[in-house]
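Since we're looking at a predicted model, the values are computed, not measured.
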Amino acid sequence: MNIHFKDPAGVEQCAMRLLPFAEQWRQPGDLVCTDADFSSLLQGMGANALNEEITLSLLYFLALAANDSASRAERCKALLLARLDAVGDDAPDMRSAFQTDHVKRLNAGPAQFQPAGLRLLREIVPEEEEPESDGFASFEPFDEGQADDLPGFPVEALPPVLGDYAQAIATSLQVPADMPAAGLLAAVSLAVQGVYKVNPKPGWLEPLNLYIAVVAKPSERKSPVLAEISRHVYDFCGAENERRAPAVNEYRIQASLLSRQVESMLAQAGKVKKGGNGWKAEDIAAKQAELDSLEPVKPLRLLADDVTPEALTSLLADNSGRMGVFSAEGGLFGILAGLYSGQGGANIDTFLKAYTGDTIQVDRKGRKAETIAHPALTLLLMVQPSVLREIMENETFAGRGLLARFLYSLPTSKVGCRQFSTPAIPGTVAQAFADCLTDLLQTQADSKPADPPKIIRFAPAAAGLAEQFFDELERRLVTDLEDVEGWAGKLHGTTMRIAGVLHCARVGLFADSEPLSGETMRAAISIARYFIAHSCAAFRQMGATEPQAVRDARYIWNRLQSAGKPEIGKRDVLRLCHGRMNARQLDPGLQELEQRGYIRIDKIPRGGRPSETIILRPIEAMQNAENQGFSH
């Protein structure tokens with residue numbers, strides 16, 4: 001006989017029905033039996049009753065059912081754990097069930113019990129008939145990952161000009177403070193990238209651009225937060241371009257005139273005219289040198305949204321090698337994955353090199369050559385969890401280190417507890433941030449591509465903290481951070497970037513003349529710890545730390561569902577997964593799906609090698625299986 005306990009409430013009900021059998025061990029007036037009597041109860045219902053797991057589960061709920069003090073409940077639990085110690089290694093699953101206070105599904109094997117007690121159990125939990133086999137394995141759903149109890153962003157670690165604004169945005173828009181706090185970090189990073197670098201130790205210069213991904217469900221007001229932060233950048237660009245307009249027009253006119261003169265001189269070169277010769281080579285060279293000596297004056301562009309890698313490279317080339325992408329959509333990752341290239345391949349070189357500042361050299365047919373000596377790119381992407389799962393399933397992103405460059409934030413949702421009447425963002429708070437950002441952006445706007453970076457040096461206290469944090473991270477790379485080693489291996493350098501961004505926000509235009517303090521480094525490490533918790537949760541919840549077969553199975557299942565067919569040939573499955581896996585890579589994922597009961601693979605003889613048809617388990621059957629308590 002198999003006894004199925006579907007949920008804790010059912011187990012508790014069963015325990016309460018067993019209460020009369022325990023009365024002989026209870027003392028008059030006691031809410032819960034004494035320690036000694038409770039031990040006797042355990043012995044009386046022990047090895048000769050139900051199996052150990054069921055018995056101890058029933059007694060545990062029985063002990064906590066009475067309206068007794070927490071101390072008595074804990075004592076009862078201690079007795080049960082002592083009973084487990086007596087059982088020893090035969091009951092590892094029992095210990096786990098009790099220690100987590102979670103008995104969602106318990107299956108008893110053949111068991112003996114007093115006839116009256118067995119009748120009670122059958123009344124409460126009827127014996128189930130074995131369902132007819134449909135050819136599918138027992139359904140074992142993918143673990144979708146439980147929501148982690150993640151820390152909130154340490155807003156107090158931000159300089160007041162950022163922290164006050166982040167809190168004001170969070171209160172006004174009714175969003176978690178993590179979203180504006182991470183966004184403001186990115187905004188300052190955008191302003192100082194390419195202009196400043198930090199110098200944590202001799203021989204090490206680290207740029208200050210950051211890649212940040214904030215992950216939140218739809219309706220979490222990602223777009224309003226992004227709009228509030230980015231408007232200051234757009235306002236600065238508008239004012240700066242208005243100021244530049246006369247110089248831009250003058251440059252365009254002069255460049256056009258000189259270019260036409262060069263073309264005209266080349267056309268007439270070598271032609272003999274009445275009374276003289278045509279233009280000589282040295283004349284044309286002098287005019288070309290005059291054209292080349294013109295210092296370009298262009299409109300300022302700092303932000304992009306929906307952009308292809310090729311277009312982004314050109315934007316970087318046209319804007320002193322510096323650019324930012326702020327977006328509340330996931331389209332950028334689709335573009336990165338090559339969805340619009342017609343080739344199915346990923347083109348992420350610009351995003352990789354612009355993070356580290358490595359030279360970008362583009363020589364392609366049909367396009368002018370582009371060389372960017374010191375590119376700097378800041379990314380702030382606010383995306384839905386489904387988008388994050390898609391990018392983490394992309395082997396190219398993971399294999400080439402793009403995912404490891406991002407800081408991930410998973411804010412706790414406020415949906416369901418938001419207020420309608422909220423204060424507006426105080427004008428003084430917003431203006432203080434605007435003034436700080438404008439000063440930093442102006443420094444960038446006035447700098448030239450050939451200008452050397454301004455160096456931010458560390459005070460001794462900051463350097464000491466940086467070394468301590470390095471030692472800590474290095475040890476953790478082989479312990480709790482081993483599953484995200486690629487990401488964690490870059491975290492120390494990213495923390496130095498965060499420290500540099502905080503320093504620039506604190507001291508403004510004097511960033512390169514005032515050393516970075518120990519206080520700023522402590523704040524940066526505090527923020528880094530926040531991103532450790534959130535980034536590890538992102539990788540874990542999105543399956544990036546799962547075995548490859550499980551990740552492939554998830555992907556195949558999503559593609560099968562998109563096809564909308566109850567059955568499909570294996571060749572068609574391969575077509576659905578084209579660009580992600582070949583026939584050899586397909587099999588482990590299909591086997592994982594079959595073992596979990598998502599699909600059934602039927603082999604149909606056709607005279608030679610049998611063809612394989614994939615049969616999808618109906619969604620209704622999966623839901624019924626989950627409701628009946630199949631384990632995850």
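Ring geometry for F433 versus H232: interplanar angle over 60°, hence perpendicular rather than tilted (30 to 60°).
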Checking Y211 against F351 for the ring pair (Phe, Tyr, Trp, His ring centres under 6.0 Å) test, could you report, in this order, the C-alpha distance in whole Å, the side-chain angles of both residues, the deciding distance, and whether it holds? CA-CA 10 Å; Y211 287 9; F351 294 86; 7.3 Å; no
side-chain hydrogen bond (donor to acceptor under 3.5 Å, both in side chains), that's the test. Do S327 and D305 meet it? Break it down for me. CA-CA 5 Å; S327 176; D305 186 350; 2.9 Å; yes
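The closest side-chain donor-acceptor pair between W487 and E485, if any, does not fall under 3.5 angstrom. Between the side chains of T422 and Q174, no donor-acceptor pair of N or O atoms lies under 3.5 Å. Between the side chains of S409 and Y530, at least one donor-acceptor pair of N or O atoms lies under 3.5 Å. Side-chain contact annotation: E228 with Y165, donor-acceptor N/O pair under 3.5 Å present. Between the side chains of S447 and R322, at least one donor N or O lies within less than 3.5 Å of an accepting N or O.
The two residues K201 and N199 have their closest heavy-atom pair at O-ND2, 2.8 Å. In terms of heavy atoms, R475 sits closest to T479 at O-OG1, 3.5 Å. Summarising the geometry of L226 relative to S230, their closest heavy-atom pair is O-OG, 2.7 Å, with the distance given to 0.1 Å. For the residue pair T494 and K490, the shortest heavy atom distance occurs at OG1-O, 2.9 Å.
Rounded to the nearest 0.5 angstrom, L560 CG and L593 CG are separated by 7.0 Å.
Formation of a donor-acceptor pair under 3.5 Å by the K197 side chain with backbone atoms of L208 is not found in this model. With T520 contributing its side chain and L516 its backbone, the two residues share no donor-acceptor pair below 3.5 Å.
Using a 4.0 Å cut-off between charged side-chain N and carboxylate O, R476 and D480 make a salt bridge. With respect to D349 and R400, a salt bridge is recorded, a charged nitrogen being found less than 4.0 Å from a carboxylate O.
Residues H534 and Y408 place their aromatic rings such that the two centres sit no closer than 6.0 Å.
Both the sub-6.0 Å distance and the 45° axial angle are satisfied by R497 relative to the ring of Y355.
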